[in-house]
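Please read the structure below before turning to the comments.
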Amino acid sequence: MDNFSQAIDRINELMDSSDGKTTNTSMRIPSALREAAGLVVSEFGAAPSTTALTTDALRGTVEAVVLQAVLDHHYTQHPKARPTLAELAIAAAELDGHPLAAKPDLLRRAAVEIFERHPQADADAVLLWAEARTFTSP
Amino acid sequence: MIHLVLLDNEAVQALGHPDHAKHRRVVSYVQVVAHRKQRAKPIYAAVPTCVRVEAGWDRTAPASAFLNRLRVVDVPLDTAGANVAARIRHEPGVSVPDAHLGAVIQTSTSQKLTVITSDPKDMRAIAGTGDVTIVAL
């Protein structure tokens, strides 16, 4: 198995582990950030504790990075599997049950327009742009 | 707002096979999930375990590596879920995997629910009064 696959599988194994072991981390967190996190928990109930807030955020970030890494690797191996921005916008609309899911041509046009100015735009940006255009069009 | 995206058998088959006619389409849904996770939105892709059985997705099999790596979580059929699924199963033509899907939809606490399916009519029937967005493959 290649290094990429080993790394991804090990990360997923760790993420899915039901082992509740904890460790005193050696990561040094800026004091100001730690205090801000504490206030977010105590004043706004963002999480049961600062630890929970931190671990939830860390888990979310790791998951997001892993998932995108897997998809990018897949696209390298199967270039035809890579969706276009328009296809992603349609997918996003469909997932949300958005009314624009019934207007794929409009989303395709919006994707072209957005891509010209913002090549890194994602599906939600296209969806927002397309929706805004419906407000202004006659 | 937690958004749960459920896959049916056809969606799993399409996702697991790059040569499947609908592979790219299902990948696009997973890519949207990935992008939203990057924005820290609480969105998860999931598969009821009975659907996974129907699809032949053995998580220990090397051939399932790509599927396994996509962070699609299992929704197991516990006692309470089995009771709901058994009631749904009484409806004509409802399979066990579909009954499990129906139970997940009807008992989900997620604020937003989407099902990706090749049989939207059946999904609408088993969803009952559950509020769900049905994406027809």
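Naming convention: chains lettered A, B, ... in sequence-line order (proteins, then strands); numbering from 1 in each chain.
With hydrophobic clusters built from ILVMFWY side chains whose heavy atoms lie under 4.5 angstrom apart, B:Val73 does not share a cluster with B:Val47. Cluster annotation: A:Leu95 and B:Val132 are assigned to the same hydrophobic cluster (Ile/Leu/Val/Met/Phe/Trp/Tyr, side-chain heavy-atom contacts under 4.5 Å, transitive). Using a 4.5 Å cut-off between side-chain heavy atoms of Ile, Leu, Val, Met, Phe, Trp and Tyr, with links allowed through other members, B:Tyr29 and B:Leu101 fall into the same hydrophobic cluster. Residues B:Ile105 and B:Leu7 are members of one and the same hydrophobic cluster, defined by side-chain heavy-atom contacts under 4.5 angstrom among Ile, Leu, Val, Met, Phe, Trp and Tyr. No single ILVMFWY cluster, assembled from side-chain heavy atoms under 4.5 Å apart, contains both B:Leu77 and B:Val75.
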Would you sort out whether A:Glu87 and B:Arg25 count as a salt bridge (charged side-chain N to carboxylate O under 4.0 Å, His left out), showing the intermediate values? CA-CA 8 Å; A:Glu87 287 168 339; B:Arg25 183 145 171 229; over 6 Å; no

Take B:Lys41 and A:Asp124, measure what side chain to side chain contact (heavy atoms under 4.5 Å, CB included) needs, and give me the verdict at the end. CA-CA 12 Å; B:Lys41 290 189 179 173; A:Asp124 287 327; 3.8 Å; yes

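Atom NE2 of B:His17 has 12 or fewer neighbouring heavy atoms from other residues, nucleotides or ligands inside a 6.0 Å radius. By the 6.0 Å contact criterion, CG on B:Asp131 is open, its count of non-hydrogen atoms from other residues, nucleotides or ligands being 12 or less. For A:Gln120, the CD atom sits in a loose shell: 12 or fewer heavy atoms of surrounding residues, nucleotides or ligands are nearer than 6.0 Å. Around atom CZ of A:Arg34, no more than 12 heavy atoms belonging to other residues, nucleotides or ligands sit under 6.0 Å away. Annotation: B:Gln111, atom CD; neighbour count of heavy atoms from other residues, nucleotides and ligands within 6.0 Å is above 12.
Residues A:Ser5 and B:Arg69 form a side-chain contact, since some pair of their non-hydrogen atoms from C-beta on lies under 4.5 Å apart. Proximity of A:Leu67 to B:Gln38: side-chain heavy atoms (C-beta onward) are nowhere separated by under 4.5 Å. For the pair B:Arg71/A:Met15, a side-chain contact is recorded, criterion being any heavy-atom separation below 4.5 Å from C-beta on. The side-chain heavy atoms of A:Asp96 and B:His3, taken from C-beta on, include a pair separated by under 4.5 Å. In this structure the side chain of A:Asn12 never reaches within 4.5 angstrom of the side chain of B:Asn68, judged on heavy atoms.
When each of A:Leu71, A:Ile90, A:Ile8 is scored by its heavy-atom pairs under 4.5 Å with chain B, the top score falls to A:Leu71. Considering only heavy-atom pairs separated by less than 4.5 Å from chain B, the leading option among A:Ala89, A:Gly60, A:Ala92, A:Ala123 is A:Ala92. No other option in B:Val30, B:Ile116, B:Val33 has as many heavy-atom pairs under 4.5 Å with chain A as B:Val30. Heavy-atom pairs under 4.5 Å with chain A peak, among B:Gln31, B:Arg39, B:His23, B:Lys37, at B:Gln31.
Between B:Phe66 and A:His74, the ring planes are parallel. Angles under 30° get that label, and only those over 60° would be called perpendicular.
For the pair B:Asp19 and A:Lys80, the salt-bridge criterion is not met [side-chain N within less than 4.0 Å of a carboxylate O].
In this structure, the side chain of B:Ser28 does not engage the main chain of A:Pro83 through any donor-acceptor pair within 3.5 Å.
For the pair B:Thr133 and A:Glu94, the tightest heavy-atom approach, listed with the atom from each and the gap, is CG2-O, 3.3 Å.
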